[in-house]
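Everything below concerns the one structure shown next.
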Amino acid sequence: KVIIMSTSTGGTYSTYLSANDPDIFAQIITSPNFDLADNRSKLVTKPWGKQILKQIIGSDYYEWEASAAAKPYWNEKYHIDGLICVRNLVNQTMTTEIWQKNTSPIFIGYYYKDESHKDDIISIPTIAEFQKHVGTPKDQIKVIAFDEATGHVIGSSIMNKNWSIVQDSIFKFAEEVLALKPISKSK
C-alpha cells in the first residue's frame with residue numbers, strides 16, 4: 001500500500017499526485033500548502049511581480065535564521081525564483097477540481113491556537129475549503145489543529161517541542177482509519 005507522508009509544499013505535490021494516481025492508498029499531510037497565508041503572494045506571478053518581490057525582500061534571496069539544531073537539515077537561503085515557483089505550483093494544482101479527485105483517506109495536521117498563534121506560512125482558511133471539496137468520504141478524513149505546536153514544521157522534534165502529540169495523532173489515524181496494525185520490535 002502506498003501512503004504518502006508530506007509537509008507544506010510536499011502536501012501540494014501529494015494532493016496533486018493522489019488526484020491522478022489511484023494506487024495512492026492514503027495521505028498524511030502536516031501543514032499543507034493548499035495556499036499561502038499571505039494573499040499578496042499572488043502578485044509575484046503577475047507582470048513586475050519578481051521585481052516587486054525583490055524590492056520587498058531587498059535581495060534576490062530570502063534568508064532566515066535556523067536554530068543550531070536545524071542548520072544541518074534546513075536551507076537558510078532561498079532564491080526568490082523558488083518563491084515564485086511555489087506560488088505558480090499552488091495556482092495551477094490546488095483547485096477544486098483536483099481536490100474533488102482526491103478520494104483516499106487523508107490526515108491533515110497544522111498549527112493553530114488563535115489568530116495570534118498560528119502557522120503564518122500556509123492559509124488556514126483554505127484547509128477548511130479543501131475539506132468542503134475533497135472527494136474523500138468524510139469518515140476517512142481527519143483534520144486536527146494542534147494548538148500546542150510551535151510553528152510551521154509540526155512533525156519535527158527540531159522545530160516543534162510538542163511533536164509527539166502530532167506523531168500520536170498520526171498513529172491513531174493509521175490504526176483507526178487505515179486499519180494498519182503496529183509492528184512490535186523484536187528483542
Side-chain angles (χ1 to χ4, degrees), residues 2-24 26-67 69-104 106-112 118-136 143 149-156 158-160 166:
V2 177
I3 300 172
I4 300 177
M5 295 185 71
S6 58
T7 297
S8 194
T9 304
T12 311
Y13 284 116
S14 70
T15 301
Y16 182 71
L17 181 63
S18 292
N20 295 290
D21 188 341
D23 290 334
I24 306 299
Q27 291 183 76
I28 297 170
I29 310 172
T30 57
S31 308
N33 185 8
F34 298 144
D35 199 0
L36 295 167
D38 190 340
N39 278 328
R40 297 173 300 174
S41 69
K42 293 175 182 167
L43 296 173
V44 302
T45 62
K46 307 288 184 199
W48 297 99
K50 183 175 180 177
Q51 291 82 357
I52 293 168
L53 181 59
K54 184 176 178 178
Q55 287 298 312
I56 291 169
I57 291 177
S59 169
D60 283 327
Y61 294 90
Y62 170 76
E63 297 184 57
W64 67 288
E65 183 71 30
S67 69
K71 282 183 187 288
Y73 307 103
W74 272 271
N75 291 326
E76 296 176 283
K77 186 175 182 179
Y78 302 91
H79 196 279
I80 62 173
D81 286 346
L83 300 172
I84 295 166
C85 289
V86 166
R87 179 74 253 174
N88 273 319
L89 174 69
V90 169
N91 290 351
Q92 293 174 33
T93 62
M94 294 298 94
T95 64
T96 301
E97 178 183 273
I98 293 297
W99 294 346
Q100 289 170 340
K101 289 174 146 182
N102 274 263
T103 58
S104 62
I106 301 173
F107 173 93
I108 295 173
Y110 61 97
Y111 168 47
Y112 183 86
K118 65 179 180 177
D119 187 327
D120 60 358
I121 305 293
I122 60 166
S123 168
I124 305 296
T126 306
I127 295 171
E129 282 301 307
F130 174 84
Q131 264 187 282
K132 280 195 256 180
H133 298 290
V134 68
T136 301
V143 178
T150 52
H152 180 59
V153 184
I154 64 171
S156 166
I158 295 170
M159 302 295 260
N160 177 19
V166 178

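Throughout, residue positions are numbered sequentially from 1 according to the sequence presented.
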For this session: Take Y13 and L89 through the test side chain to side chain contact (heavy atoms under 4.5 Å, CB included) and record every step on the way to the result.
Result: CA-CA 9 Å; Y13 284 116; L89 174 69; 3.5 Å; yes

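- Between S14 atom OG and I29 atom CD1 the span is 4.0 Å, to the nearest 0.5 Å.
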For this session: With side chain to side chain donor-acceptor pair (under 3.5 Å) as the test, would you mind laying out the steps for S104 and S18 before giving the verdict?
Result: CA-CA 8 Å; S104 62; S18 292; 4.7 Å; no

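- Across T15 and W99, no two heavy atoms sit closer than the pair CG2-CD1, 3.9 Å.
- Heavy atoms of other residues, nucleotides or ligands lying less than 6.0 angstrom from CH2 of W48 number 12 at most.
- Of the possible donor and acceptor atoms, one in the side chain of T136 sits under 3.5 Å from a partner among the backbone N and O of N102.
- For the side-chain contact (heavy atoms from CB on, under 4.5 Å) with L17, the lone residue among I4, T93, D23 that qualifies is I4.
- Heavy atoms of other residues, nucleotides or ligands lying less than 6.0 angstrom from CD of E97 number 12 at most.
- Of all heavy-atom pairs spanning Y110 and I108, the tightest one is CD2-CG2, 4.3 Å.
- Atom NZ of K50 sits about 8.0 Å away from atom NZ of K54, to the nearest 0.5 Å.
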Report all side-chain donor-acceptor pairs from residues 33-40 shorter than 3.5 Å, counting only partners two or more places apart or in another chain.
{"from": "N33", "atom 1": "ND2", "to": "T9", "atom 2": "OG1", "distance (Å)": "3.1"}
{"from": "D35", "atom 1": "OD1", "to": "R87", "atom 2": "NH1", "distance (Å)": "2.9"}
{"from": "D35", "atom 1": "OD1", "to": "R87", "atom 2": "NH2", "distance (Å)": "2.8"}
{"from": "D38", "atom 1": "OD1", "to": "R40", "atom 2": "N", "distance (Å)": "2.9"}
{"from": "D38", "atom 1": "OD1", "to": "R40", "atom 2": "NE", "distance (Å)": "3.0"}
{"from": "D38", "atom 1": "OD2", "to": "R40", "atom 2": "NE", "distance (Å)": "3.3"}
{"from": "D38", "atom 1": "OD2", "to": "R40", "atom 2": "NH2", "distance (Å)": "2.8"}

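- When all heavy atoms of G151 and Y111 are compared, the closest pair comes out as O-CB, 3.3 Å.
- For I122 against P32, the heavy-atom pair with the smallest separation is CG2-O, 3.4 Å.
- You'll find the side chain of L43 stays beyond 4.5 Å of the side chain of I52, heavy atoms only.
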Problem set entry | CA sep, side-chain torsions, deciding dist, call: L83, V86, side chain to side chain contact (heavy atoms under 4.5 Å, CB included) | CA-CA 5 Å; L83 300 172; V86 166; 5.8 Å; no

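- Side-chain contact between V134 and Q100 is absent, with no heavy-atom pair separated by less than 4.5 Å.
- Here the closest non-hydrogen pair linking T150 and M159 is OG1-O, 3.3 Å.
- One finds the CD1 atom of I106 at 11.0 Å from the CD1 atom of I28 (value rounded to the nearest 0.5 Å).
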Problem set entry | Intermediate values then yes/no, side chain to side chain contact (heavy atoms under 4.5 Å, CB included), F130 and V143 | CA-CA 11 Å; F130 174 84; V143 178; over 6 Å; no

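- Residues E129 and K132 approach most closely at OE2-NZ, 2.8 Å, considering heavy atoms.
- Taking 4.5 Å as the limit, every side-chain heavy atom of Y61 sits out of range of all side-chain heavy atoms of I80.
- Looking at I56, L53, N88 one by one, the single match for side-chain contact (heavy atoms from CB on, under 4.5 Å) with V44 turns out to be L53.
- Partners of K77 by salt bridge (charged side-chain N to carboxylate O under 4.0 Å, His left out), not counting sequence neighbours: none found.
- Remark: K71 NZ to E76 CD distance equals 3.5 Å, nearest 0.5 Å.
- Of the inter-residue distances, the one linking T30 atom OG1 with D119 atom CG reads 9.5 Å to the nearest 0.5 angstrom.
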For this session: Could you give me the CA-CA distance, side-chain angles and deciding distance for H152 and S8, then say whether side chain to side chain contact (heavy atoms under 4.5 Å, CB included) is met?
Result: CA-CA 8 Å; H152 180 59; S8 194; 2.7 Å; yes

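- Summarising the geometry, atom CD1 belonging to I3 is positioned 11.0 Å from atom CD belonging to Q27; distances are rounded to the nearest 0.5 Å.
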